[in-house]
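Only a predicted model underlies this, so the values are computations on that prediction, with no experimental measurement involved.
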Amino acid sequence: LKEQGAASLMEALRNTSGITMQLGENGNTAAGDTFQMRGFSANTSTFVDGVRDLGAVSRDVFNLEQVEIVKGAGGSDVGRGASAGYINLISKLPSLEQANDIALTVGTADKKRLTVDSNNVIDDSKALRLNVMVQEGNTEERNEVGYQHVAIAPSLAFGLNSPTKIYIYSQHTRQDNVPDGGVPTIGMDGFYNATAAIKAGAKVNRDNFYGSQQDYENVSADMLSAKIEHQLSKNTVIRNISRYGKSHIDRVLTGVNALSVNKTSQAIEVALTRQRTDQTNEIWANQTTLNTTIKTGNINHDLVFGLELLKESQLTLGTTTGSSSTTTVVLNGQTLPVFSVVQNVYTPNSNQTFLTPYLTDADSDGSTTTTALYVFDTLSLTDRLKFSVGLHADHYQTETSAGTLVTGGTGGN
């Protein structure tokens, strides 16, 4: 991670084969880390210390010891949803080694980043570690696209020189970003349009910003974990980790859409779409694992037994931009204006007043409760030949409720 100069998880994964970053058509994309592994979405296949991590968050590496990338079908390892692999992030934890690390990074596009990693030994069995990150900047060759991030991750450890170790650690992140809906692909290789004037159009400037000064992305993420590790014998360890996590994103983004030719001026114009996401994710997790090593004849067995209890919930607030065929929308008895924004594709204007999509109360709310049992055996036949066999059984139940926005008739809004 240090050699790459990676600051975010997306940057850390960028040089890994089989992983592709994603931006949806017309700027429509899931918020936070959005990537695919071998053609399958891996947004829900990200784990922190072996526990599933959810939420629309752009993850930073300031509090990571390492990033583990597992390719191939991973259902036997981590359960549901890992058809092409998964990512496991290992958190930094206290140790009995006094150490302080401060890094300051300054780059183009007004990038500034400060990270502090301080591990302080309290006595011969306890230690305190604090990781802090502050950064801000813009995006290369993208006018008006920028970010401001602040994060802190305190952790405390007990019993570091004893058979029973206890870690209590948390991470708190706040992000204030200007999101990017991309640029039209007119004039690029492979671009096609049935209209001859559009098909022959030149490329737009890379630094054109097709958003609005009213666009924003506010993200908060909090995670609290407690891990207990007990050495039962020389070859046997039992671990339990409990976690509560919550994240919230409120984002308004403008994406590029269809191109058209203005009948009066003959200028090529782009339709801009306003999108809003207001989503809260919560997770409660408890995971217990037993690791042991035994030998049968000349074969060494590394055995893992585990039980996981998990509850995930997500609340997504319903929004609407109205209809391009009307000038108003009625919500909860109020008559509100709608918008249809069209701008010259070569000279976009972010100062134009855009309306923020309305909250409709037609929300989607759901939760999933999971109980998982797993057992693995890695047989070391020789120093270079190993054989793994395992079973991972998930039982999960999902409950959802969704509201519908009534757009016609006499009784609806």
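Taken from CD1 in Ile241 to CD1 in Ile228, the straight-line distance is 10.5 Å, to the nearest 0.5 Å. Summarising the geometry, atom CZ belonging to Arg239 is positioned 4.0 Å from atom CD belonging to Glu229; distances are rounded to the nearest 0.5 Å. Within the model, atoms CG of Asn63 and OG of Ser155 stand 7.0 Å from one another, a figure rounded to the nearest 0.5 Å. Taking CG from Leu253 and OG1 from Thr277, the interatomic distance works out to 8.0 Å, rounded to the nearest 0.5 Å. Here OG1 of Thr139 is found 12.0 Å from CG of Asp207. Values are rounded to the nearest 0.5 Å. We find the NZ-CG distance between Lys126 and Leu160 to be 9.5 Å, quoted to the nearest 0.5 Å.
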Between Phe47 and Leu89, is the side-chain contact (heavy atoms from CB on, under 4.5 Å) condition met? List the steps. CA-CA 6 Å; Phe47 296 77; Leu89 313 178; over 6 Å; no
Is there a side-chain hydrogen bond (donor to acceptor under 3.5 Å, both in side chains) between Asp77 and Tyr86? Walk through the geometry before answering. CA-CA 9 Å; Asp77 289 359; Tyr86 59 94; 2.9 Å; yes
side-chain contact (heavy atoms from CB on, under 4.5 Å) evaluation trace for Arg52 with Thr370: CA-CA 11 Å; Arg52 192 179 300 273; Thr370 304; over 6 Å; no
Stepwise, does the side-chain contact (heavy atoms from CB on, under 4.5 Å) test hold for Asn131 with Arg129? CA-CA 7 Å; Asn131 279 271; Arg129 191 167 186 172; 3.8 Å; yes
Evaluate the criterion side-chain hydrogen bond (donor to acceptor under 3.5 Å, both in side chains) for residue pair Thr164 and His230; output intermediate values, then yes/no. CA-CA 4 Å; Thr164 303; His230 181 63; 2.6 Å; yes
Give the C-alpha distance, both sets of side-chain angles, the deciding distance and a yes or no for side-chain hydrogen bond (donor to acceptor under 3.5 Å, both in side chains) between Asn240 and Thr288. CA-CA 4 Å; Asn240 177 272; Thr288 302; 2.7 Å; yes
Yes or no on salt bridge (Lys or Arg N to Asp or Glu O under 4.0 Å) for Arg174 and Asp222, after CA distance, side-chain angles and deciding distance? CA-CA 9 Å; Arg174 299 294 181 268; Asp222 300 283; 3.3 Å; yes
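Environment of NZ in Lys111: crowded, with over 12 heavy atoms of neighbouring residues, nucleotides or ligands closer than 6.0 Å. Atom NZ of Lys311 sits in a sparse spot, with 12 or fewer heavy atoms from other residues, nucleotides or ligands closer than 6.0 Å. Around the OH atom of Tyr396, the shell of radius 6.0 Å holds no more than 12 heavy atoms that belong to other residues, nucleotides or ligands. Within 6.0 Å of atom CD in Gln98, more than 12 heavy atoms from other residues, nucleotides or ligands are found, so the atom counts as buried in its surroundings.
No side-chain heavy atom of Asp117 sits under 4.5 Å from any side-chain heavy atom of Thr115. Counting heavy atoms from C-beta on, the side chains of Ser95 and Asn119 come closer than 4.5 Å. Side-chain contact between Tyr346 and Asn205: absent, with no pair of heavy atoms (C-beta onward) separated by less than 4.5 Å. No side-chain heavy atom of Thr254 sits under 4.5 Å from any side-chain heavy atom of Gln214. The side-chain heavy atoms of Tyr358 and Thr319, taken from C-beta on, include no pair separated by under 4.5 Å. The shortest side-chain heavy-atom distance between Leu310 and Thr369 does not fall under the 4.5 Å cut-off. In this structure the side chain of Leu309 never reaches within 4.5 angstrom of the side chain of Trp284, judged on heavy atoms. Two residues are said to be in side-chain contact when any heavy atoms from C-beta on lie closer than 4.5 Å; Ser58 and Gln175 meet this criterion.
Residues that satisfy the side-chain hydrogen bond (donor to acceptor under 3.5 Å, both in side chains) test with Thr173, not counting sequence neighbours, are absent from this structure. Shown here are the side-chain hydrogen bond (donor to acceptor under 3.5 Å, both in side chains) partners of Lys386, two or more places apart in sequence or in another chain: Ser380. Taking the salt bridge (Lys or Arg N to Asp or Glu O under 4.0 Å) definition, one finds that Asp49 meets it with Arg243, sequence neighbours left out.
Ser242 and Lys227 are not linked by any side-chain donor-acceptor pair at a separation below 3.5 angstrom, with hydrogens and angles left out of the test. The closest side-chain donor-acceptor pair between Thr368 and Thr398 falls under 3.5 angstrom. Between the side chains of Asn100 and Ser118, at least one donor N or O lies within less than 3.5 Å of an accepting N or O. Ser125 and Asp123 share a donor-acceptor pair across their side chains, judged by distance under 3.5 Å alone. With hydrogens and angles left out, the side-chain atoms of Gln314 and Asn281 include a donor and acceptor closer than 3.5 Å. In the model, Thr316 has a side-chain atom that pairs as donor or acceptor with a side-chain atom of Gln279 under 3.5 Å.
Side chain of Arg38 to main chain of Gly18: no donor-acceptor pair is present (N/O by atom type, distance under 3.5 Å, no hydrogens or angles). Side chain of Glu217 to main chain of Val252: no donor-acceptor pair is present (N/O by atom type, distance under 3.5 Å, no hydrogens or angles). Of the possible donor and acceptor atoms, one in the side chain of Ser8 sits under 3.5 Å from a partner among the backbone N and O of Glu11. Formation of a donor-acceptor pair under 3.5 Å by the Gln231 side chain with backbone atoms of Ser233 is found in this model. Within the 3.5 Å criterion, the main-chain N or O of Thr292 finds no donor-acceptor partner in the side chain of Thr236.
Applying the salt bridge (charged side-chain N to carboxylate O under 4.0 Å, His left out) test to residues at least two apart or on different chains, the pairs with a partner in residues 135-156 are Lys112-Glu136, Glu141-Arg206, Arg142-Asp180. Evaluation of the ring-ring contact (aromatic ring centres under 6.0 Å, His included) test over residues 127-175, restricted to residues two or more places apart or in two chains, returns Tyr147-His149.
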Donor-acceptor contacts, no H, no angles, side chain residues 297-308, under 3.5 Å, sequence neighbours left out:
{"residue": "His301", "atom": "ND1", "partner": "Asp377", "partner atom": "OD1", "Å": "3.3"}
{"residue": "His301", "atom": "ND1", "partner": "Asp377", "partner atom": "OD2", "Å": "2.9"}
{"residue": "His301", "atom": "NE2", "partner": "Thr296", "partner atom": "OG1", "Å": "2.6"}
{"residue": "Asp302", "atom": "OD1", "partner": "Thr293", "partner atom": "OG1", "Å": "3.1"}
{"residue": "Glu308", "atom": "OE2", "partner": "Gln287", "partner atom": "NE2", "Å": "3.0"}

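A salt bridge links Asp215 with Arg274: the closest approach of a Lys/Arg side-chain nitrogen to an acidic carboxylate oxygen falls below 4.0 angstrom.
The heavy-atom pair separating Ala372 from Asp394 by the smallest distance is CB-OD1, 3.0 Å. Residue Gly318 comes nearest to Asp363 through the heavy atom pair N-OD1, 2.8 Å, listed as atom of the first residue, atom of the second, then distance. Annotation for Thr195 and Asn193: closest pair N-OD1, 2.9 Å, computed over non-hydrogen atoms. Annotation for Leu224 and Ser170: closest pair CD1-CB, 3.9 Å, computed over non-hydrogen atoms. Shortest non-hydrogen contact noted between Lys92 and Phe62 is NZ-O, 3.2 Å. The minimum heavy-atom distance between Asn208 and Val183, with the atom names listed, is O-CG1, 3.8 Å.
Ring geometry for His392 versus Tyr374: interplanar angle under 30°, hence parallel rather than tilted (30 to 60°).
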